[in-house]
Amino acid sequence: MADQKLNFNSRTIHGGQKPEETTGSVMPPIFQTSTYAQSAPGEHKGYEYSRSQNPTREALEKNIASLEGADYGLAFGSGLAAIDAILKMLEPGDEVISTNDLYGGTHRLFNSIFRKYGIKFHFVGMDHVSRVSEKVNAKTKLIWVETPTNPMMNVIDIQAMSKIAREAGALLVVDNTFATPYLQRPLEHGADVVMHSATKYLAGHSDVVLGTLAVKDQEVAEQLYFIQNSSGAVCGPMDSFLTLRGLKTLHVRVQRHCENGRAVAEYLRKHDAVEAVFWPGFEDQPQYEVAKRQMKDFGGMVSFRIKGDQFEDASRVVSALKVFTLAESLGGVESLAGHPASMTHASIPEAERAQTGVSNGLIRLSVGIEDVDDLLADLDQALKA
Ligand SMILES: *Cc1c(COP(=O)(O)O)cnc(C)c1O
């Protein structure tokens with residue numbers, strides 16, 4: 001594709017895009033239609049029914065593929081619908097090795113839905129490569145990586161995981177939601193599939209729920225298109241349009257998210273009321289070298305633990321914030337604060353949560369692109385509360 005020659009900051013705008021043919025419309029129209037006229041049975045323009053193909057969704061799928069350096073892109077009704085499609089490639093008896101510190105909804109989908117169908121999951125701390133290789137056997141079909149992880153911001157070595165996956169004949173999938181392709185392109189490090197909750201940074205404006213996959217291999221892509229059409233968890237044209245619109249400013253937004261994220265992480269680390277700060281950009285952080293190798297910068301997600309690690313204290317801080325909104329989700333232009341133990345990660349059993357560090361005093365920030373001084377002042381007043 002010619003636009004693969006463009007640099008990333010141009011591909012957000014032009015990747016896979018062309019003016020619409022009948023009118024020259026620069027933005028792809030919202031093709032709000034379920035079906036398409038045929039001139040004779042089976043004679044059509046490549047579009048039959050909008051579950052199978054829709055031009056607005058296709059424009060988004062091409063853009064996603066371009067951004068991740070993939071040949072194929074797929075868009076779904078949510079991030080979880082995209083994950084669901086990948087898991088449907090497996091069969092009863094197959095095994096999955098997944099990071100243990102992962103998005104609560106992904107954990108629930110694996111453990112409560114797909115386990116019922118005879119798929120076995122091993123959740124391990126992937127910051128130690130040996131913990132993954134120990135679990136590999138002939139039944140290992142999928143290695144699931146989320147990096148940086150949610151909410152502990154652990155960084156997993158994609159290259160090391162791709163080596164294990166290749167040797168095992170398993171597929172390596174990376175949930176790239178936190179990093180975005182602006183910061184990290186897992187296919188360049190050996191992953192087979194990149195998954196996004198586009199709900200977060202890709203769409204970027206907290207106004208849409210959508211998921212995407214980017215795939216290198218044709219055979220894998222064909223299987224996934226078959227599942228997308230057979231299971232039918234597609235996104236609508238309006239949401240495809242909103243995501244495309246958001247993507248055009250991805251590089252500009254994420255650059256600012258990174259600047260503000262760094263300022264917030266450094267501020268919190270010096271604060272007396274804060275016990276620990278989790279952000280991949282600290283040089284004394286154990287996975288700093290890996291983060292530096294596979295990421296362009298360190299993103300806008302910052303977690304921290306309040307001194308004493310009490311729910312009441314964390315609750316008081318997040319409730320006192322005024323510029324940060326207390327809400328689930330992340331990656332939008334506005335700053336959000338969350339309490340993982342009671343919000344996004346409540347579906348993970350407490351013992352398992354504690355093991356990964358998601359304790360009662362942990363607060364997760366999605367640092368937005370407001371004026372950084374307003375964000376720091378807000379944290380300052382809330383931490384005094
Ligand atoms: C939100 C999120 C998901 C799930 O995506 P939805 O769009 O909410 O279905 C998966 N992974 C990560 C890392 C997320 O933050």
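For the single chain, residues carry numbers from 1 onward in sequence order. Hydrogens, waters and symmetry mates are skipped; everything else that's a heavy atom, side chains included, is used. Counting convention: from 1, in listed order, for ligands and their atoms alike.
- Comparing Val209, Leu210, Thr177, Asp175 against atom 11 (N) of ligand 1, the shortest heavy-atom distance belongs to Asp175.
- Ion pair Arg57/Glu61 flagged as a salt bridge, since at least one NZ, NE, NH1 or NH2 atom sits closer than 4.0 Å to an Asp/Glu carboxylate oxygen.
- Of all the atoms in ligand 1, the ones that sit under 4.0 Å from a non-hydrogen atom of Ser78 are 7 (O), 9 (O).
- Distances between N or O atoms of Thr199 and those of ligand 1 include at least one value under 3.5 Å.
- The shortest N/O to N/O separation between Leu80 and ligand 1 falls below 3.5 Å.
- With a 6.0 Å cutoff to the six-membered ring centre and a 45° limit on the axis angle, Lys296 counts as a cation-pi contact of Tyr182.
- A salt bridge between Arg131 and Glu134 is absent, with no side-chain N of the basic residue lying under 4.0 Å from a carboxylate O of the acidic one.
- Note that Lys141 lies outside the cation-pi zone of Phe121, set by a 6.0 Å cut-off to the ring centre and a 45° limit from the axis.
- Not a single N or O atom of Leu330, backbone or side chain, sits closer than 3.5 Å to an N or O atom of ligand 1.
- Nearest-heavy-atom check against atom 10 (C) of ligand 1 across Tyr201, Tyr103, Phe178 picks out Tyr103.
- Between atom CG of residue Leu172 and atom NZ of residue Lys216 there is a gap of 9.5 Å, rounded to the nearest 0.5 Å.
- In this structure, of Lys200, Glu146, His196, the residue bringing a heavy atom nearest to atom 2 (C) of ligand 1 is Lys200.
- Taking the six-membered ring for Trp and thresholds of 30 and 60 degrees, Phe298 and Tyr288 have ring planes inclined between 30 and 60 degrees apart.
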